[in-house]
Amino acid sequence: MIEIELDGHKVDIAEGSTVMHAAEKAGTFVPHFCYHKKLSIAANCRMCLVDIEKMPKPMPACATTVTQGMIVHTKTEKAIKAQQSVMEFLLINHPLDCPICDQGGECQLQDIAVGYGASASRYEEEKRVVSVKDVGPLISMQEMTRCIHCTRCVRFGQEIAGVMELGMSQRGEHSQIETFLDHTIDSELSGNMIDICPVGALTSKPFRYSARTWELSRRKSISPHDSTGANLIVQVKNNRVMRVVPFENEAVNECWIADRDRFSYEALNGDDRLTAPMIKQGGQWKTVDWQTALEYVANGLKQISAEFGPTSLGALVSPHATLEELHLSVKLMHGLGSNNIDHRMRQAEFAATEGARYLGTSIAALSELQSVLVIGSNLRKEHPLFAQRIRQSARKGCVVSAIASSHDDWAMPVAHRIQLPAGQWVQALASVAAAVAVEKGVAAPVAAATNDMSTAIAQTLLAGERKAILLGNGAAHHAQASSLLALAQWLADQTSASFGYLTEAANTVGAQLVGAQPANGGLHAGQMLGGALKAVVLLNTEPEFDSSVEAQAVEALSKAQMVVSLNPFKANMAFCDVMLPISPFTETSGTFVNAEGRAQSFHAVVQPLGETRPAWKVLRVLGSMLKLPGFDFNSSEEVLQGIPGLTTGDVLQVSVDRLDNRTTASINSNAEAGAPVVAGIYQLDGIVRRAPALQQTADARAAQTLEVAA
C-alpha cells in the first residue's frame, strides 16, 4: 500500500493505482468525462486535472499513478482554473439544445458545467455540425454534434462487447465518432453505450422523445430473460414502462445489461397484450369475466379427470415464470392427482435428475478463469453477460476452448475449437477425457481416440487453478445430454475444474428446485407435446415457439379436449380453448433463481393492464375453486415462504445432479443425435419475440431468414 495526501487527508491506496482511484476511495469528487471504472484509461477529456505538488502543471487524475508521499490538491485555484478552461473548450462547439435533448436532466456535461462552466461564452464563430448517422433500430446518433470525443463508446466496444463497431475518424474539429462504411451497430450489448455516453450524443431510439427524465419513477426489478438474473431499474410514467436501464450489482451483471433486457419492454405496451379472459365458443373468441373463465377451467379439469383419470391432465410451464408461479403449478397438478408437469420443453432427453443442473460456480468467477471449455453454446448470443465475463478472463490470458457445430464469432480469442455436428459432440468430449486420462495415467471413462486438438484442450484444463467446464443450451437440449454431463463431471473431477450448465432461462434453476418436472411416472414434456393428454395447462409458454417439436405441437395440442393458456399475450389461439391474461414480470411480484443459484425477488413496477392478474393469484383461486388444500395465500411472499430451503438475496446451497454417481448413468458415444433446438437471441421468450426494435436488429433478421429458408 502507498500513502498519499489528498486535500489534506491521508489516503492508503494500492500501488499502481491512479489519483482518481485515491479520490474515489476518499470520497472526493473529481470532475471527469472520459474516465469510467470499467474501461481503460484514455485521458483525452482532461476534465480531471488536479494540482500535484512538485509538478509544474496540472495533471489528469485518471492517468497519473500515485507515488509514496504524493501531495494532491483538487480544490486549489490552479486546479479549478484548469478545469474551468477545459470546460470552456468543451462547450465551444457543443450545441445549446438542453431543452430538447433526451439526456437533459441526466447529462454529465450539464451537471459539471453548472459548477465549472462560465455564464457566457467568448466564442462567437459558427459551431461545427456533424452529419446524422443511422446505425440501426436501437441507438440514435441523430445528434452527434453533441459528442465531446470522450471515446467511452469506442472503448466499450473494444473492451467489453469485444467488437470495435465505433471509431474516431479525421482530426481536430473534423473529428467524429462513426461506424465506418455505413455499418450498423449490431452488438448484443450495444445499449450500454447509451448509458455510458456522458452527453446526449448516443440516445435510445425506442425511448427517444417519449418522456423527460424527471417525469419518470425508478423501480428495481430483475430481468426475466436469460439466466444471468440481471438487476434492472424500470422507469415508469403514468403506469407505463418507458425505459429499462441497469442497476449495478457487481456479483451479477456489474453495471451492464444485454439489449434484450433493455429493449424488450416495448412488448409490454404492445397491441398483442391480452387484457381480459376469453373463451372459444363455436370457433369464435368471446370476452368473459374472470369468474366465468375460472369456473369453466375448474369444471373442465374436474370433468376430464373424472372421465379419463387424473393422469390425463398435465401442465407445460415456462422456465421464465416466477418461482411462486411454478410452485403453485406443481401444487395444482399434484393436488389433482397428476405428476404430468414439465418446464423442459426444448429438451430432447428427459432423464430423471437428483439435484439441479446449474452453473456450478459463481457468475463473478467467470471473470477470473484461467481456462474454460464450453460445450454446445453460441456463448455470445445465448448468454451475452456471461460471454462478457469470460471475455474479461480472455483479456487476462484465459485459454478458451469450444466444442460446437458451427464457427460462431464470440468476439474473443478461442484457442481451441472442435467443430463437429451435434451427433459427434459426445465422441469429441470423450476424446478430451481420453487425452486427460493419458496425461494423468488413469483409466478413461469411455474408450476414445485422442488427437492433437483434444490433447491441447486436455493440457489447458490440467494447467492453472481457476478453470471451468460449461455446458450450453445446445448441450442441455441434446439427445445425449446425460452423456455430455457425465463426461463433463469426470473431466472436472480429474482437472479440479468446476462444471455446470449456463442454463437457458431466467428461472431454469428455480423450476428444478420446486420440482416443475415429472416424478413417479409422470409424463415429460416430449410425451405431453406428443398428444398424450386430454387437458393441458400452459403457463406463460407458447409450444409452437418454445418447444423442440415447434409446429408439430399445434397439431398435437389441437387433439386435447381442453387447453388453457395463461399468458400475458394473445398466444396459442390456434389450439387453446381458454385464454387467461396473466401479468408479465413488470406487473407482478415474484422470484427468479439465476444460473448460479442466487434467488432474487422483485415487486411489480406498474399496475396490471386491463383485467390482467398475477399468475400466482390465478393459480391460487383456481386451486381454491377445485377445493385443493394449501392454496390459502395472501401474497407472493407467503407463497415463497412455503417453498423449503429458499432464502432470497443469497446464493442457495444447490445440490448438483451427479450423474457419474448413479448406476443409471451411462456414457453412450455412438448413439445418433440430431441438432438440438436452441432459441435465437431475440426468440427466447414471448416478451422478446414481441419487441419491435429487437425484431429489426441484424440478429433477429438473420434468424427470420433462416426460418424462411428452412
Side-chain angles (χ1 to χ4, degrees), residues 1-94 103 106-118 146-156 158-160 168 175 177 192-193 195-199 201 248 250 254-256 392 395:
M1 299 293 284
I2 288 175
E3 183 180 84
I4 71 168
E5 184 178 308
L6 183 74
D7 290 341
H9 301 285
K10 302 293 184 182
V11 180
D12 291 325
I13 192 75
E15 187 174 357
S17 301
T18 65
V19 173
M20 183 69 82
H21 295 142
E24 287 179 340
K25 184 174 182 180
T28 300
F29 175 72
V30 177
H32 60 273
F33 295 115
C34 68
Y35 170 76
H36 189 282
K37 63 182 179 180
K38 294 291 183 180
L39 303 176
S40 61
I41 302 298
N44 53 12
C45 78
R46 317 307 285 183
M47 192 65 218
C48 64
L49 293 176
V50 293
D51 181 9
I52 301 177
E53 289 191 7
K54 299 183 181 180
M55 289 193 178
K57 60 182 181 179
M59 299 296 291
C62 67
T64 304
T65 305
V66 295
T67 58
Q68 180 64 39
M70 178 183 278
I71 301 175
V72 181
H73 303 284
T74 68
K75 302 292 190 294
T76 60
E77 183 181 355
K78 182 179 179 181
I80 292 175
K81 188 174 181 180
Q83 292 164 353
Q84 289 174 337
S85 297
V86 170
M87 177 57 70
E88 183 177 22
F89 278 119
L90 288 174
L91 293 177
I92 278 176
N93 270 313
H94 195 81
Q103 203 88 329
E106 53 185 8
C107 171
Q108 211 170 326
L109 181 67
Q110 192 180 54
D111 294 341
I112 294 176
V114 171
Y116 299 88
R146 300 171 183 158
C147 179
I148 61 171
H149 305 144
C150 70
T151 68
R152 279 186 179 184
C153 55
V154 178
R155 285 175 285 144
F156 172 84
Q158 287 178 294
E159 299 164 16
I160 306 300
M168 184 180 291
S175 299
I177 301 292
N192 294 290
M193 295 180 186
D195 292 335
I196 63 175
C197 180
V199 296
E248 187 170 346
E250 279 296 314
E254 299 176 273
C255 56
W256 318 118
Q392 290 181 38
R395 288 172 61 84

**Q** State, yes or no, whether a side-chain contact exists between Glu3 and Gln68 at a heavy-atom distance under 4.5 Å.
**A** yes
**Q** For the residue pair Cys153 and Met193, what are the closest heavy atoms and their distance?
**A** O-CE, 4.0 Å
**Q** Shortest non-hydrogen contact from Ile177 to Cys147?
**A**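 Answer, listing the atom of Ile177 first, then Cys147: CG1-SG, 3.8 Å.
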**Q** Using modelled atom types and a 3.5 Å cut-off, is there a donor and acceptor pairing between side-chain atoms of Lys25 and backbone atoms of Asp12?
**A** yes
**Q** Would you mind reporting whether Val11 and Val72 have side-chain heavy atoms less than 4.5 Å apart?
**A** no
**Q** Is there a donor-acceptor pair under 3.5 Å between the side chain of His21 and the backbone N or O of Thr18?
**A** yes
**Q** Give, for atom CD of Glu53 and atom CD of Glu5, the distance between the pair rounded to the nearest 0.5 Å.
**A** 7.0 Å
**Q** Please give me the minimum heavy-atom distance between Tyr116 and Gln84, naming the atom from each residue.
**A**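 Result for this residue pair: O-CG, 3.4 Å.
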**Q** Donor-acceptor pair, distance only, cut-off 3.5 Å: does the side chain of Arg152 make one with the backbone of Phe33?
**A**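 Confirmed, Arg152 side chain pairs with Phe33 backbone.
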**Q** At what distance, to the nearest 0.5 angstrom, does CD of Gln83 lie from CG of Asp51?
**A**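 One gets 10.0 Å once the value is rounded to the nearest 0.5 Å.
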**Q** Using 0.5 Å steps for rounding, measure from the CD1 atom of Ile13 to the CE atom of Met70.
**A** 12.0 Å
**Q** Check His94, Gln103, Gln108 against Val199 for a side-chain contact (heavy atoms from CB on, under 4.5 Å) and give me the one that passes.
**A** His94
**Q** Search all heavy atoms of Met20 against all heavy atoms of Cys48 and return the closest pair with its distance.
**A** CE-CB, 3.7 Å
**Q** So, taking the atom named CE in Met55 and the one named OG1 in Thr64, what distance separates them when rounded to the nearest 0.5 Å?
**A**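 The OG1 atom of Thr64 is 6.0 Å from CE of Met55, to the nearest 0.5 Å.
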**Q** Spell out, as yes or no, whether a donor-acceptor pair under 3.5 Å connects the side chain of Arg46 to the backbone of Ala82.
**A**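 Between the backbone of Ala82 and the side chain of Arg46 there is no qualifying donor-acceptor contact (under 3.5 Å).
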**Q** Answer yes or no: is there a donor N or O on one side and an acceptor on the other, between the side chain of Asn44 and the main chain of Cys34, under 3.5 Å?
**A** no
**Q** Quick one: SG on Cys255 to CD1 on Ile160, what's the gap to the nearest 0.5 Å?
**A**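 Answer for the SG-CD1 pair, Cys255 versus Ile160, is 7.5 Å.
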**Q** Would a 4.5 Å heavy-atom cut-off, applied to side chains only, mark Met87 and Leu109 as touching?
**A**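 The answer is yes, as the side chains (C-beta and beyond) meet within the 4.5 Å cut-off.
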**Q** Please determine if Glu248 and Lys37 form a salt bridge, counting it only when a charged side-chain N lies under 4.0 Å from a carboxylate O.
**A**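 So Glu248 pairs with Lys37 through a salt bridge.
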**Q** Are Ile112 and Met47 packed together at the side-chain level, in the sense that at least one heavy-atom pair is separated by less than 4.5 angstrom?
**A** yes
**Q** For the CD1 atom of Ile71 and the CG atom of Leu6, what is their distance to the nearest 0.5 Å?
**A** 11.0 Å
**Q** Taking all non-hydrogen atoms of both residues, which atom of Val66 and which atom of Ile2 are closest, and how far apart?
**A**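 Minimum heavy-atom contact is O-CD1, 4.1 Å.
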**Q** Classify the angle between the aromatic ring planes of His32 and Phe29 as parallel (below 30°), tilted (30 to 60°) or perpendicular (above 60°).
**A**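 Geometry flag for Phe29 against His32: tilted rings.
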**Q** On a heavy-atom basis, which atom in Leu39 and which in Arg155 lie closest, and how many Å separate them?
**A** CB-NH1, 3.9 Å
**Q** Please indicate whether Glu250 has more than 12 foreign heavy atoms, meaning atoms of other residues, nucleotides or ligands, lying under 6.0 Å from its CD.
**A** yes
**Q** Report the C-alpha separation of Lys75 and Thr28 in whole Å, then their side-chain angles, then the decisive distance to 0.1 Å, and conclude whether the side-chain contact (heavy atoms from CB on, under 4.5 Å) test is met.
**A** CA-CA 10 Å; Lys75 302 292 190 294; Thr28 300; 3.8 Å; yes
**Q** Hey, does Ile196 have a side-chain heavy atom less than 4.5 Å from the side chain of Trp256?
**A**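 Of all side-chain heavy-atom pairs linking Ile196 with Trp256, at least one is under 4.5 Å.
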